Amino acid sequence: MSVGGVPSNGGVQFLRSAAFDSTAHPAPREQWVVMLRGTIEVTVSDGSRRRFGPGDLVLAADTTGMGHITTGVGDPPFEALFIPI
C-alpha cells in the first residue's frame, strides 16, 4: 500500500493499494473520496451497499458510530484521493 500527501494545506492524501478491504470503522474526518482506479463496495451501518469506481465522488461523513466497511471489487490496484472538508 502507498499513501502519500499531496502538497496542500488541507491534508489531501493519495492512496494506492492492492487491497481496499477494511473492518467496520468511522471516517477519521468528513472528507471527499475521489475514486481514481478500481472499484470498491461500501457497506454502511444499515446494511445497504453501493459500488464506486473511477470518477465517482463519495462523501465520507460517518465520523461516529460503527461507520462503514470497504471492500475492493475486481482487479487491483485501487487508487483514491482523500480530500478533507
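The first residue of the sequence shown is numbered 1, and numbering continues consecutively from there. Quantities reported herein were computed from a predicted structural model and do not represent experimental measurements.
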Could you state the interatomic distance from CD1 (Ile85) to CD (Gln31), rounded to the nearest 0.5 Å?
-> 8.0 Å
Out of curiosity, does Val58 fall in the hydrophobic cluster containing Val42 (side-chain heavy atoms, cut-off under 4.5 Å, transitive links)?
-> yes
Quick one: do Ile40 and Met35 satisfy side chain to side chain contact (heavy atoms under 4.5 Å, CB included)? Show the steps, please.
-> CA-CA 9 Å; Ile40 60 170; Met35 290 302 300; 3.7 Å; yes
Contact list for residues 71-85, test side chain to side chain donor-acceptor pair (under 3.5 Å), sequence neighbours left out = Arg16-Glu79
CZ/Arg29: more than 12 non-hydrogen atoms of other groups inside 6.0 Å = yes
Pairs meeting criterion salt bridge (Lys or Arg N to Asp or Glu O under 4.0 Å) with involvement of residues 57-68, two or more places apart | none
Over all atoms of both residues, closest heavy-atom pair of Gly53 and Thr39 = CA-OG1, 4.1 Å
Hey, mind stepping through Leu81 and Val33 against side chain to side chain contact (heavy atoms under 4.5 Å, CB included) and telling me if it holds?
-> CA-CA 6 Å; Leu81 281 179; Val33 180; over 6 Å; no
Looking only at heavy atoms, which two atoms of Pro76 and Ala18 are closest? And how far apart?
-> CB-O, 3.1 Å
Which ring pair (Phe, Tyr, Trp, His ring centres under 6.0 Å) pairs, counting each pair once, include a residue from residues 21-44, with sequence neighbours left out?
-> His25-His68
With sequence neighbours left out, write down each residue that passes side-chain contact (heavy atoms from CB on, under 4.5 Å) with Thr64, or none if nothing qualifies.
-> none
Sequence neighbours left out, what passes side-chain contact (heavy atoms from CB on, under 4.5 Å) with Arg50? Give chain and number order.
-> Phe52
Between Leu59 and Leu36, is there a shared hydrophobic cluster once you connect ILVMFWY residues whose side-chain heavy atoms come closer than 4.5 Å?
-> yes
Just how far is it from atom CZ of Arg37 to atom CG of Leu15, taken to the nearest 0.5 Å?
-> 13.0 Å
Any donor-acceptor pair under 3.5 Å from Ser17 side chain to Phe78 backbone = no
Closest non-hydrogen atom pair, Pro54 against Gly38 | CD-O, 3.3 Å
Excluding sequence neighbours, so at least two apart, what forms salt bridge (Lys or Arg N to Asp or Glu O under 4.0 Å) with Arg51?
-> Glu41
